[in-house]
Visitor: 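I have a structure I would like to understand better, so I am pasting it below and will then ask my questions one at a time.
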Amino acid sequence: MVKSDGERPARRPATRLTRAGREKSITGPFVNPPVVHASTVLFDSVDDMLGGRQRYVYGRRGTPTLEALETAIAELEGAEGTVLCPSGLNAAATALLACLASGDHVLVTDNVYEPIRRLLDRTLAPLGIVATYFDPSIAGSIRTLFRSNTRAVYVESPGSLTFEMQDIPAIAAAAAERDILVIADNTWATPLHFSALKHGADVSVISATKHIGGHSDVMLGLVSAGERAWEAVKRTHSDLGLCAGPDDIYMTLRGLRTLAVRLERSAASGERIARWLAGRREVARVLFPVLETDPGHTLWRRDMTGACGLFGVVFAGWSEKRAKAFIDALTLFGIGASWGGFESLAILARPEKIRTAVPWRAEGPLVRLYIGLEDPDDLIADLDNAFARTANME
Ligand SMILES: *Cc1c(COP(=O)(O)O)cnc(C)c1O
């Protein structure tokens, strides 16, 4: 935790991004920490090794590189502590295993990142952990779904495919009455725009692969926890032997320093392009809580201080074939998984094949766009061209 700022007034998030995790005890006189590649750590004597007083004991258990990122994220999340995982999916798995044991029940938002659903249904179910899925708009009524063995609620707000906001404070208040832990996937907003723990979550999970890494060259996950869950998160992470590679940690830390400017550009271009799309007659809806017309707009305004450039577009009455041709006609949008890098991306999303709590109903196919750091006028021209090239299709 960064204590070096002493009694000075609290600094704003963009400033904190440039300073967090930079204690002299970690980085020495350098601006950035060394990239330490290490397994073995040497001791001066057997007694030193047995004494447990040495700061570094084994590569997996801590290096200056690892400490710099853990400390930075814990400070930004306002957490007791943070652990680093080899991917965002693994971070979610770590959070779930920390909060749940055999015989427990977990409530999961129906818009959850799909691989987490597979983890629950295929791998954790046989271990005796039962997951049921809830309507993302449930808010405080989640109480009605609590069972005697419910131990955790998993939220993702907004969902990264369908963008429904969840009322996390209302869900957390209901959960707290029953000592149920709340895990929040905070990948979309990042700690810069949403303080998951301050809004009642016990654990914040982030895929740093996305915005924090920011350059499509790193896989890394973060789990940060408040008081109620930190010991369990730390223990689970340690018992599973998880660690991230030093180069990936370094690149994530490097990305973190420029997160505020990248996110600002992506969000501003995203909003402009989302409004342009919302005005097209081919578009039935744009799924983006930043827009006043979005059902999640009030919650987004209330709880978050900003956005990113990831949103969905529902095309009015188009065939899936036309949506595919539209994506194929784009030249500045890559076709591929992930988001949060400098380059724009487009994918065809099929939530109707995933949902179990509430069937997905839409006026046509859903395309998810990620708006990167290109000039938004070029992106609009590219989208306009794709509309023109597919204009005669059904
Ligand atoms: C990508 C993603 C994950 C998983 O992260 P990886 O680093 O790809 O394993 C989890 N949650 C959300 C919302 C994501 O977008």
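Predicted, not measured: the structure shown is a model, and the values here were computed from it. Computed from heavy atoms alone, side chains included, the values below leave out hydrogens, waters and symmetry copies. Note that ligands are numbered from 1 as they come in the structure, with each ligand's atoms numbered from 1 the same way.
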Visitor: Step through the shown structure and confirm whether more than 12 heavy atoms of other residues, nucleotides or ligands are within 6.0 Å of CZ on R118.
Guide: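 Counting neighbours around CZ of R118, more than 12 heavy atoms of other residues, nucleotides or ligands fall under 6.0 Å, so yes.
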Visitor: Looking at N392, I want to see if its CG is surrounded by more than 12 non-hydrogen atoms of other residues, nucleotides or ligands under 6.0 Å.
Guide: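 Counting neighbours around CG of N392, 12 or fewer heavy atoms of other residues, nucleotides or ligands fall under 6.0 Å, so no.
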Visitor: Let me know which protein residues bring a heavy atom to under 4.0 Å of ligand 1; chain then number is fine for ordering.
Guide: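 Correct list: S87, G88, L89, Y113, E156, S160, D185, T187, S207, T209, K210, M219, W339.
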Visitor: Checking ring pair (Phe, Tyr, Trp, His ring centres under 6.0 Å) for the pair F163/F311: CA distance, chi angles, key distance, verdict?
Guide: CA-CA 7 Å; F163 304 95; F311 59 84; 7.5 Å; no
Visitor: May I ask you to check whether F194 and W188 place their ring centres under 6.0 Å from each other?
Guide: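 No: the rings miss the under 6.0 Å criterion.
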Visitor: Testing the 3.5 Å rule here: is there a donor-acceptor pair between the side chains of T162 and E164?
Guide: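 The answer is yes; a qualifying pair exists.
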Visitor: Do the rings of W318 and F315 sit parallel, tilted or perpendicular, given the 30° and 60° boundaries?
Guide: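 W318 and F315: parallel rings.
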